[in-house]
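One structure is given here, and the rest of the page talks about it.
The sequence lines fix the lettering, A, B, ..., with proteins before strands; numbering per chain opens at 1. This structure is a prediction, so every number in the text was calculated from the model and none was measured.
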2 protein chains.
Amino acid sequence: MTRTKSGDKKQAIFDATLRCVLRTGFGGLKMAVVAKEARVATGTVYLYFRNKEDLINALLLHVKAEIHTAMMQDVETDDPFFTAFKKSMINYIDFCYGSPEKMIFIEQFYRSSYLYPETAAEIEQLALPVLNMLRSARNEMLIKDIDRELMLRQLLGASNEIIKYCIDSGRPITKLLREQILDMLWSSIRR
Amino acid sequence: MTRTKSGDKKQAIFDATLRCVLRTGFGGLKMAVVAKEARVATGTVYLYFRNKEDLINALLLHVKAEIHTAMMQDVETDDPFFTAFKKSMINYIDFCYGSPEKMIFIEQFYRSSYLYPETAAEIEQLALPVLNMLRSARNEMLIKDIDRELMLRQLLGASNEIIKYCIDSGRPITKLLREQILDMLWSSIRR
DNA sequence: AACCTATGAATAAAAGTTCATTTTTTATGT
DNA sequence: ACATAAAAAATGAACTTTTATTCATAGGTT
């Protein structure tokens, strides 16, 4: 069995899609272009995805899952909250800065008519671990008494904008900058 | 002479475009659909805008200018920083919550291959007043010593996500919630 | 040989743009 | 005021371009 099996091709299409969208936004997602970028025939894309909508939904779910997994990497259940918070936010920032195409793809398609309600529902589940982390912190009176969901959005929204700014302006995320970002995020929610 | 003058029709097309994009994202911006929504003929749109790209760029500039004007509404040059900050952020939040179609439109098209570099340059100018506000605050040692541009993105990114969450979940922005949001924003930048 | 996978030119559908025609407005002369 | 003509604005069906999707054919694997 060669190493070039079906899973690889699906992944190649995913990667190509992300590259296309990073390059020219949602307008860059054209089936023929994606196929060429993935070095497969146009028809091949349709062997792995029913249509464009399906490709988008599958990729959204895939990328969102990746981000959430990365975010909770090395976060132990018995970490003190501040440690866990710091780890997860650094994970998030580093992941997004390192894979801007994934962040951009989500931004472009998460709020679009392409998104199936079922995909949205599945994606919601992915945020549960982080939300739980915030819940215990609030129970311990470590953070402000504000709707956790809203708080999470605030944190990620702030991070996203910062990351995009760094990418667009070619500014690297240094150790110092990361500390500054974390400081802003932490002070926004700490009690 | 009727009240229906050329300026009105341009505005009608702007409004229709925003409604279309709010309804179905970037995919909802189709010239024929926009025209129908604006109650004009397809060709009429091309009397006011060279093409789709132009429409998008003109509207982006228009809406961004509106937002920045609204943001600085009632902010006096001799307001103490905290007062000015609070006013501007409340203005921003209320404006965006009240006109989500404008916020959504910017989110969808600001980072897209449609955006002309000249439009981007003009839009950058619009942020100068807020940035200056942040500069004096930093000079007075009232806020953290962090790149102003980055700080502004953080504030607006956080606000945007919160506003979208409220809109999507049908949650109204009460006096209390506004205080909570402001508290998060302020603590994130205060020294 | 049967089966799975891949191809890419051909097809169909969708969307942007144009323009000959019509309607409305403005200007002019009686 | 009214009629009339020139100009401007608006129309929407027709045209063109773009893009998603299909499918008859070819290549490879068991």
Show me the protein contacts with nucleotides 10-15 of chain C, counting only N or O atoms at under 3.5 Å.
{"unit_1": "C:dA15", "atom_1": "OP1", "unit_2": "B:K30", "atom_2": "NZ", "d": "2.6"}

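With no hydrogens or angles considered, a side-chain donor-acceptor pair links A:Y116 and A:E53 at under 3.5 Å.
Legend: side chain to side chain donor-acceptor pair (under 3.5 Å) pairs involving residues 61-78 of chain A, not counting sequence neighbours, sorted by first then second residue: A:E66-A:K102. Applying the side chain to side chain donor-acceptor pair (under 3.5 Å) test to every pair with at least one member in residues 22-31 of chain B, sequence neighbours left out, gives these pairs: B:R23-B:E37.
Scanning residues 37-47 of chain B for heavy-atom distances under 4.0 Å to DNA chain D yields B:V40, B:A41, B:T42, B:G43, B:T44, B:L47. Residues from residues 106-120 of chain A with heavy atoms under 4.0 angstrom of DNA chain D: there are none.
Side-chain nitrogen and oxygen atoms of A:Y48 include none within less than 4.0 Å of the OP1 or OP2 phosphate oxygen of C:dT5. Under 4.0 angstrom from either OP1 or OP2 of C:dA6 there lies at least one side-chain N or O belonging to A:K9.
Rounded to whole Å, atom P of D:dA20 lies 15 Å from atom CZ of A:F49. Between the CD atom of A:E53 and the P atom of D:dT19 there is a distance of 18 Å, given to the nearest Å. Between the CG atom of A:D8 and the P atom of C:dT5 there is a distance of 13 Å, rounded to whole Å.
Counting heavy atoms of neighbouring residues, nucleotides and ligands inside a 6.0 Å radius, atom CZ of A:R171 exceeds 12 of them. Within a 6.0 Å radius of CZ in A:R190, other residues, nucleotides and ligands contribute 12 heavy atoms or fewer.
Stem regions annotated for DNA chain C: C:1-30 with D:1-30, counting only runs of 3 or more consecutive pairs of Watson-Crick or G-U type with both contacts under 3.5 Å.
At a threshold of 4.0 Å, the pair B:E149-B:R153 counts as salt-bridged, since one of the basic side-chain nitrogens sits closer than that to a carboxylate oxygen.
Note: B:T17 OG1 to B:L60 CG = 11.0 Å, rounded to the nearest 0.5 Å.
By the criterion of side-chain heavy atoms lying less than 4.5 angstrom apart, applied directly or through intervening Ile, Leu, Val, Met, Phe, Trp or Tyr residues, A:L61 is grouped together with A:M103 in one hydrophobic cluster. Clustering ILVMFWY residues whenever any of their side-chain heavy atoms sit less than 4.5 angstrom apart, transitively, puts A:V33 in a cluster other than the one holding A:L59.
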Carefully, step by step, assess B:Y92 and B:N160 under the rule side-chain hydrogen bond (donor to acceptor under 3.5 Å, both in side chains).
-> CA-CA 9 Å; B:Y92 183 78; B:N160 287 341; 2.6 Å; yes

